[in-house]
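Please read the structure below before turning to the comments.
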Amino acid sequence: MIALTLFRLAAFTRSHRVVRALLPVAVLLALVYGVRAPLGQEVAALTDTAVLLVPFLAWAARSLLDTEPDEQRAICATAAGTPSREVAAGLLAALVLTSAFAALAVVWGLLLGVSEIPAPGQLTAAVALHALSALAGTALGALTSRPILPSPALSIMMLVLGFLAMLLVSLSPFAWLTVPLGGWMRAAADGPLTAGLPGLAVPSLLWPLLGLAAYVRLRRARP
């Protein structure tokens with residue numbers, strides 16, 4: 001399965017689709033960090049970026065999962081021994097990709113986007129939010145990929161609407177029904193992010209994992 005994961009990543013890179021996925025992320029970071037965040041706002045700026053990254057990371061995950069033709073995906077499933085390994089390898093490759101982009105966002109923000117490096121605890125919390133952003137983006141991208149939504153137009157529309165729904169619900173009294181993106185921003189703006197992170201981590205992990213489980217189940221139900 002590891003070999004298949006590396007194969008997926010290599011195929012994505014050699015097809016140059018990685019450039020199509022990276023460019024929107026680079027544009028976002030250039031816009032967000034065009035002016036350094038003022039003193040005292042470093043963590044809020046990093047957190048806002050983690051939220052804004054979600055749809056771009058979803059686009060990257062979707063692009064990777066869409067790279068292989070359906071016939072090649074079937075061949076890979078046969079070579080891997082079971083379809084579950086092929087599905088898991090695709091998800092792992094997508095998570096590696098989104099994690100790399102999230103790491104790029106953290107490094108970019110620290111080098112070019114903030115006036116001062118946050119305290120270690122706050123920095124760790126901001127990095128954790130970027131990791132959760134990568135997980136949420138992977139789940140959203142997988143659920144809108146071609147094996148689930150064959151229509152490109154419908155896939156892109158559902159990706160955008162999925163992120164907007166996630167954001168709007170997280171700002172409502174029913175924030176527990178989705179990844180609490182709004183809660184991330186409030187925790188960073190209202191006080192030490194480290195204090196609010198433990199309570200936010202549970203739904204931030206739960207909903208993406210449920211989304212990935214739904215993707216696996218849907219993939220098992222179809223070729």
Side-chain angles (χ1 to χ4, degrees), residues 9 12-13 16-65 91-142 144 159-160 162-164 166-167 170 178-189 192-194 196-197 200-201 203-205 207-208 211-212:
L9 288 169
F12 185 64
T13 302
H16 302 295
R17 290 194 177 192
V18 66
V19 177
R20 188 177 70 179
L22 178 59
L23 280 178
V25 174
V27 171
L28 171 68
L29 295 176
L31 292 174
V32 172
Y33 294 128
V35 177
R36 289 181 182 271
L39 290 175
Q41 297 299 314
E42 295 87 359
V43 176
L46 292 171
T47 300
D48 290 347
T49 304
V51 172
L52 294 174
L53 270 177
V54 172
F56 295 91
L57 298 181
W59 172 261
R62 173 186 174 275
S63 298
L64 185 144
L65 294 171
L91 290 177
L92 181 57
L95 185 58
V96 169
L97 177 68
T98 57
S99 298
F101 285 0
L104 171 65
V106 172
V107 173
W108 190 316
L110 294 178
L111 293 179
L112 301 174
V114 298
S115 302
E116 184 178 88
I117 302 298
Q122 293 286 80
L123 177 58
T124 300
V127 172
L129 289 185
H130 280 77
L132 293 171
S133 177
L135 183 61
T138 300
L140 180 58
T144 55
L159 189 155
V160 174
F163 169 70
L164 291 177
M166 191 186 305
L167 182 60
S170 71
T178 187
V179 178
L181 302 179
W184 296 2
M185 293 186 290
R186 281 194 295 266
L193 180 59
T194 51
L197 185 61
L200 296 171
S204 298
L205 283 170
W207 290 110
L212 293 176

Go through the steps to decide whether Trp184 and Ser204 satisfy the test side chain to side chain donor-acceptor pair (under 3.5 Å), and finish with yes or no. CA-CA 10 Å; Trp184 296 2; Ser204 298; 3.0 Å; yes
[X] to [Y] - nearest heavy-atom pair and separation:
X	Y	answer
Thr138	Leu91	CG2-O, 4.2 Å
Glu116	Glu42	O-CG, 3.0 Å
His130	Ala102	O-CB, 3.6 Å
Pro208	Ala139	O-CB, 3.6 Å
Thr49	Ala105	CG2-CB, 4.5 Å
Pro203	Thr178	CB-O, 4.1 Å

Could you tell me whether the side chain of [Y] reaches within less than 4.5 Å of the side chain of [X], counting heavy atoms only?
X	Y	value
Tyr33	Leu46	yes
Leu29	Leu112	no
Val179	Val54	no
Pro55	Trp59	no
Leu140	Phe163	yes

Please lay out, stage by stage, how Leu205 and Leu132 fare under the test side chain to side chain contact (heavy atoms under 4.5 Å, CB included). CA-CA 7 Å; Leu205 283 170; Leu132 293 171; 3.6 Å; yes
Between [X] and [Y], is there a donor-acceptor pair closer than 3.5 Å when you use the side chain of the first and the backbone of the second?
X	Y	value
Gln41	Leu39	no
Ser133	Leu129	no
Gln122	Pro192	no
Thr47	Met185	no

One pair to check against side chain to side chain contact (heavy atoms under 4.5 Å, CB included): Leu123 and Leu110. What are the steps and the verdict? CA-CA 10 Å; Leu123 177 58; Leu110 294 178; 3.8 Å; yes
Spacing of CG belonging to Asp48 relative to CG belonging to Leu181, to within rounding of 0.5 Å: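 Asp48 CG to Leu181 CG: 11.0 Å, rounded to 0.5 Å.
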As an exercise, state the distance from CG of Leu22 to OG of Ser63, rounded to the nearest 0.5 Å.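 These two atoms lie 11.5 Å from each other.
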Step-by-step side chain to side chain contact (heavy atoms under 4.5 Å, CB included) determination, Leu65 to Phe12: CA-CA 9 Å; Leu65 294 171; Phe12 185 64; over 6 Å; no
Verdict with supporting geometry, Leu167 and Val51, side chain to side chain contact (heavy atoms under 4.5 Å, CB included): CA-CA 9 Å; Leu167 182 60; Val51 172; 4.2 Å; yes
